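All figures in this text were calculated on a predicted structure; none of them were measured in a lab.
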Amino acid sequence: MSTSSPGDPAPADGDPAERLAALWDAHAVRVQAYLLRHTDPDTAQDLLSETFLVAWRRLDDVPAEALPWLLVVARNLRYNAARSQARRRLLTTELTRLENAAPSVSGSPESLATERDQLLRGLATLTDREREALLLVAWDGLAPSRAADVAGCTTAAFHVRLHRARRRLAAFVDDDSSALRAVGSSTPATRRSA
Amino acid sequence: MSTSNIDDRLARLAPTSSPDPERLAAARSAVFDTTEDERCGSRRGRAHDGAHVVDLHDAPDDVVTPLGAARRRRNRHLGAAAAAAGVVGVVSVGIVLLPGEAGIFPASPESTCEDQLLRHLGPLPEDAEEPVWRTVASESTDTTDTTLLVLDGGGLAGACSEIRGEGGGFTSTATWSLPDVEPAADEILPRGITTGRAPVVWGVADANVTGVVVTHEWDHGTSRSVVEARVTDDGYWSAFFSPEDRIPQDAEPRFTWQLEDGTERSMALDEAWPGVDASTPLAEARREACGMTFPSSSPRLVLEEVRDDAGVTFLADGAGPSVLCLQDAGPPYSVRLASGGTTLEPETSPAEEEAVADYGGAGSRGAALVGRAGDDVARVQVTTTDGLPFDAEVVDGYWVVWGAALGSEEGDDPWQDATLRWYLTDGSPGGERTVFE
């Protein structure tokens with residue numbers, strides 16, 4: 001995946017409102033999905049607005065490749081919000097957040113729904129940092145060097161984190177598939193004994 | 001399943017359209033209404049559809065952007081007298097100062113801090129797994145990078161501060177062994193405080209705590225710094241300072257925190273040592289950190305006292321068993337030595353003009369000795385084999401002597417062949433004997 005959208009607005013001189021609108025059209029969905037992975041829907045909505053308001057007020061600072069910049073602003077706003085608001089981790093589990101960020105598509109085949117369920121459950125078992133590393137690459141389409149900026153670590157550290165995350169998620173999926181197969185094969189026996 | 005197709009499978013789940021179109025539209029309205037108002041110079045109110053409406057006119061503009069280094073602080077007040085005051089450059093015990101190393105700190109203070117902490121901790125056992133650190137908070141200012149990490153699974157935390165410039169700058173690293181103690185309901189617990197040029201103050205909070213404010217006062221209250229701590233989703237709070245904050249080393253922080261119901265509480269650090277007849281949430285947490293299991297059901301706090309950077313807690317039931325805990329005087333109140341024993345039977349209690357030693361212990365960071373004294377004994381002194389005299393606290397028929405300086409990495413026993421002397425209420429010498437004859 002490319003780290004910049006074809007729709008990335010050029011940072012050239014022009015109408016600021018038009019540039020903001022172009023930024024919104026190109027990246028708002030990504031920023032919203034990022035925020036939904038980390039916080040509840042109402043806070044995500046607020047922080048999404050605030051992220052683009054910061055971009056508006058610092059439009060000259062926004063680089064051509066805007067998505068990593070916007071995600072870092074969103075991340076920092078999230079940190080600020082976390083300091084002053086009630087913690088909601090008990091109300092919004094990691095899995096709930098992931099499901100909010102990647103809603104199932106109606107009409108999906110059952111196999112895809114199963115895979116989605118399995119991957120989301122696997123993601124929820126990872127550490128925050130590992131999950132974030134995977135999703136910045138796989139969902140937000142960032143190159144590791146840019147994703148490292150958003151994650152706040154060196155590119156080398158990010159590569160290590162990403163590698164561990166992939167390995168752990170793959171192991172979870174393998175174990176989960178084995179368990180499902182085991183359950184499937186034991187079902188007839190259970191029925192017979194009943 | 002190979003790791004190579006994990007990205008592909010995940011990518012198929014990536015949201016291609018908004019996961020929440022209604023809130024996306026509401027956010028867009030909020031942004032563009034506000035920008036339109038700013039372009040037109042007005043602040044008129046607008047009606048929005050939907051229940052969740054945010055007014056962005058007062059949205060924070062001090063957020064750290066990728067190209068900026070503005071600090072995320074509020075409510076800061078520094079007195080003029082403080083601004084003119086000198087800054088104490090000495091850091092507290094437990095902090096290692098390293099010379100500035102140009103180029104050592106690349107883009108990530110977090111990964112650098114992990115390396116610093118590993119060096120600070122020394123070589124790991126061969127069969128130990130590589131420590132996995134979690135970043136609680138990381139903050140950069142124009143002069144200082146500060147990172148706070150906790151070990152995955154708990155038990156240990158560390159902070160690194162790098163001050164740039166000034167002849168290459170310097171780095172300070174502090175680590176804390178964390179007791180297995182959680183904050184009580186609606187309470188916070190300070191876990192670590194460093195002093196020096198880039199102080200770090202942090203702790204944990206109960207789930208009902210929504211915000212923590214750290215206040216330092218000095219110069220008789222004429223100067224103060226009030227900083228809102230960062231609070232994480234999982235209950236850590238932290239406030240970092242840099243040289244320009246000019247927090248004097250002897251300025252003790254005070255904490256104020258808010259609860260979900262809007263009420264506010266506060267705490268001073270000296271509430272950890274209120275004395276044997278008093279109880280505070282911080283004192284209870286500090287006592288709990290000792291992890292003392294008393295062998296009978298009716299322990300009584302006989303002695304609690306702080307000297308310098310260590311404090312002692314002594315419990316007894318008056319009949320036989322007693323336990324002693326020597327711990328750090330400040331957060332996280334790590335235990336230096338825990339010792340216990342059963343004293344002699346009551347019929348063999350010391351005579352009115354006698355003193356006897358019951359048990360003692362020594363560790364790498366302190367040593368303590370416990371005994372009993374007759375009713376006419378007013379003062380007890382123990383002199384180690386090295387000739388160092390230590391005055392004991394004499395309370396309710398017990399005496400306790402301790403010293404942080406008596407700790408020994410080599411496991412030396414300072415009480416071996418030590419001399420016990422006691423004095424009577426009229427000031428006269430009561431007697432002298434070897435501690436353990």
Side-chain angles (χ1 to χ4, degrees), chain A residues 1 17 20-21 24 28-29 32-33 36 41-42 44-46 48-50 52-54 56-58 61 68-69 72-73 76-77 79-80 82-87 89-90 100-103 115-116 119-120 127 129 134-135 137-139 148-149 152-154 157 163 166-167 169-170 173-174 177, chain B residues 1-3 6-20 23-24 26-28 30-32 34-36 38-39 52 54 56 59-61 63-68 72 106-108 110-111 132 134-135 137-138 152 207-211 228-235 237 260:
Chain A
M1 285 194 188
L20 179 69
W24 179 276
V29 168
Q32 183 190 32
L36 281 170
D42 281 347
Q45 177 187 327
D46 294 349
L48 175 63
S49 300
E50 290 176 17
F52 280 85
L53 197 64
V54 170
W56 163 253
R57 290 172 179 166
R58 302 186 181 184
D61 293 339
W69 190 95
V72 173
V73 172
N76 290 339
L77 284 167
Y79 287 164
N80 279 5
R83 291 185 309 159
S84 56
Q85 72 176 190
R87 283 170 289 139
R89 64 192 164 103
L90 296 178
N100 284 341
E115 174 169 275
R116 172 181 175 278
L119 287 170
L120 292 188
T127 66
R129 289 160 73 170
L134 270 179
L135 295 185
V137 172
W139 283 12
D149 291 338
C153 64
T154 62
H163 174 71
R166 284 170 173 152
R167 197 176 55 194
L169 183 58
V173 169
D174 282 345
S177 299
Chain B
M1 180 178 176
S2 73
T3 57
I6 275 286
D7 283 358
D8 293 339
R9 292 178 64 179
L10 278 176
R12 287 200 288 271
L13 295 183
T16 52
S17 58
S18 171
D20 190 341
R23 284 190 172 86
L24 184 75
R28 190 183 195 287
V31 170
F32 286 89
T34 306
T35 57
E36 180 63 20
E38 290 187 0
R39 278 161 64 91
H52 185 72
V54 59
L56 285 178
D61 197 31
V63 63
V64 177
T65 67
L67 299 179
R72 301 180 302 281
S108 166
E110 294 165 307
S111 55
V132 178
R134 217 196 101 210
T135 304
S138 187
D152 247 9
N208 290 332
V209 175
T210 60
E228 183 178 358
R230 181 201 305 267
V231 181
T232 66
D233 285 352
D234 49 357
W237 53 267
E260 282 184 336

Applying side chain to side chain donor-acceptor pair (under 3.5 Å), can you list everything that pairs with A:W24, at least two apart in sequence or on another chain?
none
Any side-chain heavy-atom pair from [X] and [Y] closer than 4.5 angstrom?
X	Y	answer
A:D42	B:R23	yes
A:R129	B:T135	yes
B:T35	A:F52	no

Between chain B and each of A:A44, A:A28, A:A17, count heavy-atom pairs under 4.5 Å; write down the option with the most.
A:A17
Relative to chain B, which segment of A:A21 carries a heavy atom at a distance below 4.5 Å: side chain, backbone, both, or neither?
both
Closest approach of [X] to [Y] (non-hydrogen atoms, all atoms of both residues):
X	Y	answer
B:A27	A:L48	CB-CD2, 3.7 Å
A:A138	B:D7	CB-O, 4.0 Å
B:L10	A:W139	O-NE1, 2.9 Å

If you round to the nearest 0.5 Å, how far is CZ of A:R57 from OG1 of B:T34?
7.5 Å
Stepwise side-chain contact (heavy atoms from CB on, under 4.5 Å) check, A:L119 with B:R12:
CA-CA 11 Å; A:L119 287 170; B:R12 287 200 288 271; over 6 Å; no
